[in-house]
2 protein chains.
Amino acid sequence: MANTLRAIPLSTVERLSIYLRTLRESLVEGMDFISSTEIGKRNDFTAAQVRKDLSCFGNFGIKGTGYQISELINTLETILGLDREWKVAIFGLGKLGGALACYKGLKSARFNVVAIFDVDPKKVDKTYKNIPVYHSDMLKKVVREKKIQIAIIAVPTDSAKATIQRIIDAGIKGILNFTEARVPYPDEYILKNVNLAGELESISYYLIHSDL
Amino acid sequence: MANTLRAIPLSTVERLSIYLRTLRESLVEGMDFISSTEIGKRNDFTAAQVRKDLSCFGNFGIKGTGYQISELINTLETILGLDREWKVAIFGLGKLGGALACYKGLKSARFNVVAIFDVDPKKVDKTYKNIPVYHSDMLKKVVREKKIQIAIIAVPTDSAKATIQRIIDAGIKGILNFTEARVPYPDEYILKNVNLAGELESISYYLIHSDL
DNA sequence: TTTTAATTGTGAATTCTATCACAATCTATT
DNA sequence: AATAGATTGTGATAGAATTCACAATTAAAA
């Protein structure tokens with residue numbers, strides 16, 4: 001039975017993203033329906049896991065047949081909030097910030113980069129790939145005017161903590177942080193960290209500790 | 001009691017990375033000892049979590065005092081395999097690949113980018129930031145000669161699946177994948193996916209489903 | 001030396017997450 | 001209309017991860 005209000009674990013939400021990708025892929029392949037078994041097989045999940053995740057939000061399947069793909073895509077997009085446009089700002093126009101600003105996966109997924117912030121006088125008050133670049137001092141004003149809802153942090157390590165704090169203070173509730181900085185934040189905020197060094201370090205760990 | 005052989009969950013290993021960062025930070029601040037409580041506070045973990053994680057590998061603390069910071073840094077570096085140099089190749093010299101090649105966090109953490117692969121004739125057989133750029137056809141030969149152990153995938157989506165398959169076939173056992181492609185891989189391999197769109201989608205989800 | 005305060009390491013308890021297993025139901029076939 | 005085959009949704013079960021809670025130990029203070 002559907003219960004959107006019950007707290008859904010992050011792991012379930014992250015898998016919904018993966019299911020959505022699989023559904024789009026199978027739609028391109030010309031399929032109309034897909035079973036939980038097939039969704040699982042393509043992502044190395046059990047079929048029960050797939051069904052349980054989906055059942056948190058409703059009964060979308062047809063017994064004996066599976067899930068109608070285009071319909072489930074729409075449903076998952078609505079659940080994930082991809083039925084609207086999100087206004088995103090990138091903080092830090094270095095190599096990584098620039099790469100993220102160009103990333104096609106963003107725009108196609110309704111994440112629209114409407115502002116870039118930096119402190120370098122050579123970069124500010126220009127545009128980068130048609131996106132206006134502002135001095136970080138303009139943060140509060142621009143966030144208010146452009147109704148920015150999500151921040152992506154790609155500033156240098158040493159200014160990261162202060163930058164994140166200012167973003168929190170400006171009321172941007174969704175933050176994706178590519179730096180090492182860790183900042184406490186209020187409950188109603190969602191802050192996710194992508195830690196490149198950490199990813200490689202756990203790869204390093206498992207390379208050593210496998211039975212070689 | 002220490003038991004390095006027992007399978008350690010990924011979540012524990014990932015936290016070790018975080019503890020290590022915290023320890024380095026506190027060393028810079030001039031501290032000599034740190035308690036599990038303080039490590040936890042700086043990362044929003046419980047003190048028990050910190051102690052339990054560390055106790056998987058040994059008894060490193062001093063009761064009443066905490067952990068000797070520089071010593072625990074060395075211990076964690078050894079556990080994570082950061083006491084050696086890892087040879088890394090980046091696949092795809094686009095915006096993201098270029099950004100990763102320049103990323104200072106890599107080299108300082110003993111992850112040494114010794115090769116870049118691409119298929120663009122304008123890029124191959126040159127160097128990028130002093131790193132040689134090879135045509136992907138040279139994959140097997142270069143991997144063997146340079147003893148590459150870790151691959152970072154930053155190629156375009158449509159060639160990603162094939163690229164990853166060739167990397168697996170070439171015997172590179174540690175893979176960090178920045179693309180959407182998902183490829184089945186043998187057990188003794190470790191493949192981690194960083195999914196930017198997925199991260200933003202779960203942020204989107206929680207922004208909608210908080211009590212606003 | 002004794003006491004007090006701090007902190008670890010860990011077994012037990014709890015909470016959270018994933019899997020199992022099967023009744024219910026749908027489609028297709030005979 | 002009846003049967004066979006497929007697949008869902010979910011309560012029950014199992015498994016994993018986290019937190020609790022406290023004895024043991026150390027350092028510092030009295």
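Throughout, protein chains are lettered first and strands after them, A, B, ... in sequence-line order, and every chain is numbered starting at 1.
The listed nucleotides are C:dT7, D:dT8, C:dA18; the one nearest the side chain of A:S36 is D:dT8. Minimum atom distance to the side chain of A:K52 is reached by C:dT19, of the listed C:dT19, D:dA24, C:dT17. Of the candidates D:dA24, C:dC20, C:dT25, C:dT25 carries the atom nearest the A:K63 side chain, counting heavy atoms from C-beta on. Comparing C:dT8, D:dA21, C:dT17 by their nearest atom to the side chain of A:P9 picks out C:dT17.
Using bins of under 30°, 30° to 60° and over 60° for the plane-to-plane angle, the ring pair B:F57/A:Y205 lands in the perpendicular bin.
For the pair B:Q49 CD and C:dT10 C1', the interatomic distance rounds to 14 Å; values are reported in whole Å. Between the CZ atom of B:R15 and the P atom of D:dA17 there is a distance of 9 Å, given to the nearest Å. When rounded to the nearest whole Å, the span between CG of A:D44 and C1' of C:dT19 equals 14 Å. Taking atom CG on B:L72 and atom C1' on C:dT7, their separation rounds to 15 Å, with Å as the unit. When the C1' atom of D:dT18 is taken as reference, atom CD1 of B:I8 falls 15 Å away, rounded to whole Å. For the pair A:L10 CG and C:dT15 C1', the interatomic distance rounds to 17 Å; values are reported in whole Å. The interatomic distance linking B:F57 (CZ) with C:dT8 (P) rounds to 18 Å, in whole Å. Computed from coordinates, the B:L54 CG to D:dA17 C1' distance equals 16 Å when rounded to whole Å.
Between A:T46 and C:dT19, a side-chain N or O to OP1/OP2 separation shorter than 4.0 Å is present. Not one side-chain nitrogen or oxygen of A:Y67 sits closer than 4.0 Å to the OP1 or OP2 atom of D:dA6. Neither OP1 nor OP2 of C:dT25 sits under 4.0 Å from any side-chain N or O of A:N59. The phosphate of D:dG9 (OP1 or OP2) has no side-chain N or O of A:R51 nearer than 4.0 angstrom.
B:R42 is not listed as a side-chain neighbour of A:R182, based on a closest heavy-atom distance of 4.5 Å or more.
Side-chain polar atoms of A:E77 and A:T75 form no donor-acceptor pair below 3.5 angstrom. Side-chain contact annotation: B:S17 with A:N195, donor-acceptor N/O pair under 3.5 Å absent.
Comparing A:I62 and B:T65 against DNA chain D, the residue whose closest nucleotide sits nearer the 5' end is A:I62.
Counting heavy atoms of neighbouring residues, nucleotides and ligands inside a 6.0 Å radius, atom NZ of A:K141 does not exceed 12 of them.
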